[in-house]
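Everything quoted here is computed from the prediction, not taken from an experiment. Convention: sequence-line order gives letters A, B, ...; per-chain numbering from 1.
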Amino acid sequence: MWTASEMMNNLVLFNVDLLVRFTLLLAMFYHTFQYLQEKRTVIVLLAGFWVLFGVDFFLSNPTLTDWHNHRINRYSFVVESVLMLGFVLRFFLYLVRELPVANLTQYPLFWVCCGLLIAHAGTVFLTPFMYYFNVWNNPYDFKTMVKIEHWVEIIRNMAFAIAMGYARRSTN
Amino acid sequence: MTLQTANDGILIATIAMLLMAIFIIIFVAYYQQKQAQHQIMVKELQERHRQELMAAMFRGQEAERRRLAQDLHDDIGTMLSVAKMTLNQLERHLERYSPERAQAQKTRQLLDDTLKNVRRISRDLVPTTLERFGLLAALEELVGNANNDLINVQLEWPEKFDMTAPALDVMLYRIVQELVNNAIRHAGATHITIRFFIHEKELRLAVLDDGRGFDIDEVIQSKQRGLGLRNIESRLSVVNGHVTFDVAPGRGSRIIVQIPLENPKLVALLT
């Protein structure tokens, strides 16, 4: 396995992480949404994202054999952020309209979506530039933005931890 | 556009996005909580309304029974008595041992039986003892009527028990009547015990019998057979009470009714 500590480009893992993460989160929304139309939309968008990801992967890396200069996808991260913000807002609309739970603060999916909303709201304007900055041996220039990105990711992970805590409590 | 300008622009846009995200989260949490509280309030109101409807329905049922009993007693009972008197007069004019006289005697017997039945039905519809002398006397009468050579019904009544509220008395009487009838008619019980007691701020009524029992799920699902039991549950729901059926086919039954004494609805009923 390539790792940064061994001075090897591991951005391909970053790309794969996007695909896995997006697929899993859309699976979560698929199970959460009640209506068939919404479920179909989730499947279509997931399939579309897979296609986009594949095309983007090849366009962002014309020379696939050059692993040292491998780059992250150019458009996929932007699309992921926008789609995820849309899904989270749709989920919040569902929460307000359908009232699936009496106590929202103990509802795991609420925390997951809070984390996702903060994380993607904090990085949605940064993602178009990630392709240019995440190049091997090229330092980040947007220092404040990078700090914000780290902070929102910390907040997202904390929200996920709270969600897992509540999910575990409800299954016990 | 320099890198610094782009950086500032993205930073401002990101901060704006983050503020919006936080606002959305707070709004959703606040709005949902408010909606949930509103929904709980609506449910409570609906439940209260349902209970009031139930109470009104049972009051109407009792009033209708009273009217029916009065009509039976005053109109049909009186007419039957007059018919019997007329028949007696007619019988006097008939020759002794004639077939006509025998026919008249048979008709009189039929009239007697009909009068008895009318009185019984009238009494069952409105237990006058309950209205005049209270629940204990009415239950003693009920037990007395149910007791015979084959069936032994016992009533256990606590010494310190001064629950006197007509509505509650009627409710308890009807429940006991239904359970005793079920035990005799459907379970074929020969020993029935009716027990009243106070347990942990609850009025409890236990009806125990040695009958052949029944399958509670089957009875509840059956529209006809489960009517009486559902009626008990409906009556109890008015005062937040509930009934527990410890029953199974092939063994005696144990049915326990629990009514919380410290509940505002019961207090309202009692006053």
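Environment of CZ in B:Arg254: sparse, with no more than 12 heavy atoms of neighbouring residues, nucleotides or ligands closer than 6.0 Å. Within 6.0 Å of atom OH in B:Tyr173, more than 12 heavy atoms from other residues, nucleotides or ligands are found, so the atom counts as buried in its surroundings. Within a 6.0 Å sphere centred on NE2 of B:His38, other residues, nucleotides and ligands contribute 12 heavy atoms or fewer. The environment of B:Phe197 atom CZ is dense: over 12 non-hydrogen atoms of other residues, nucleotides or ligands sit within 6.0 angstrom. Within a 6.0 Å radius of CE in A:Met158, other residues, nucleotides and ligands contribute 12 heavy atoms or fewer.
Side-chain contact between A:Leu95 and B:Tyr31 is absent, with no heavy atoms from C-beta onward closer than 4.5 Å. Between A:Ile118 and B:Ile25, some side-chain heavy-atom pair lies under the 4.5 Å cut-off.
Heavy atoms closer than 4.5 Å to chain A are found in the side chain of B:Gln39, but not in its backbone.
To the nearest 0.5 Å, the span separating CD1 on B:Ile24 from CG on A:Leu93 amounts to 11.0 Å. A distance of 6.5 Å separates OG1 of B:Thr14 from CZ of A:Phe125, quoted to the nearest 0.5 Å. Note that CD of B:Gln33 is 6.5 Å distant from CG of A:Asn103, once rounded to the nearest 0.5 Å. Rounding to the nearest 0.5 Å gives a distance of 5.0 Å between CD1 of B:Ile15 and CD1 of A:Ile148. Atoms CD and CZ, on B:Gln35 and A:Arg97 in that order, are 11.5 Å from each other to the nearest 0.5 Å. Taking OG1 of A:Thr105 as the reference point, atom CD of B:Gln32 lies at 9.5 Å (rounded to 0.5 Å).
Considering A:Thr123, A:Val152, A:Val124 as possible partners of B:Leu18, the one that fulfils the side-chain contact (heavy atoms from CB on, under 4.5 Å) test is A:Val152.
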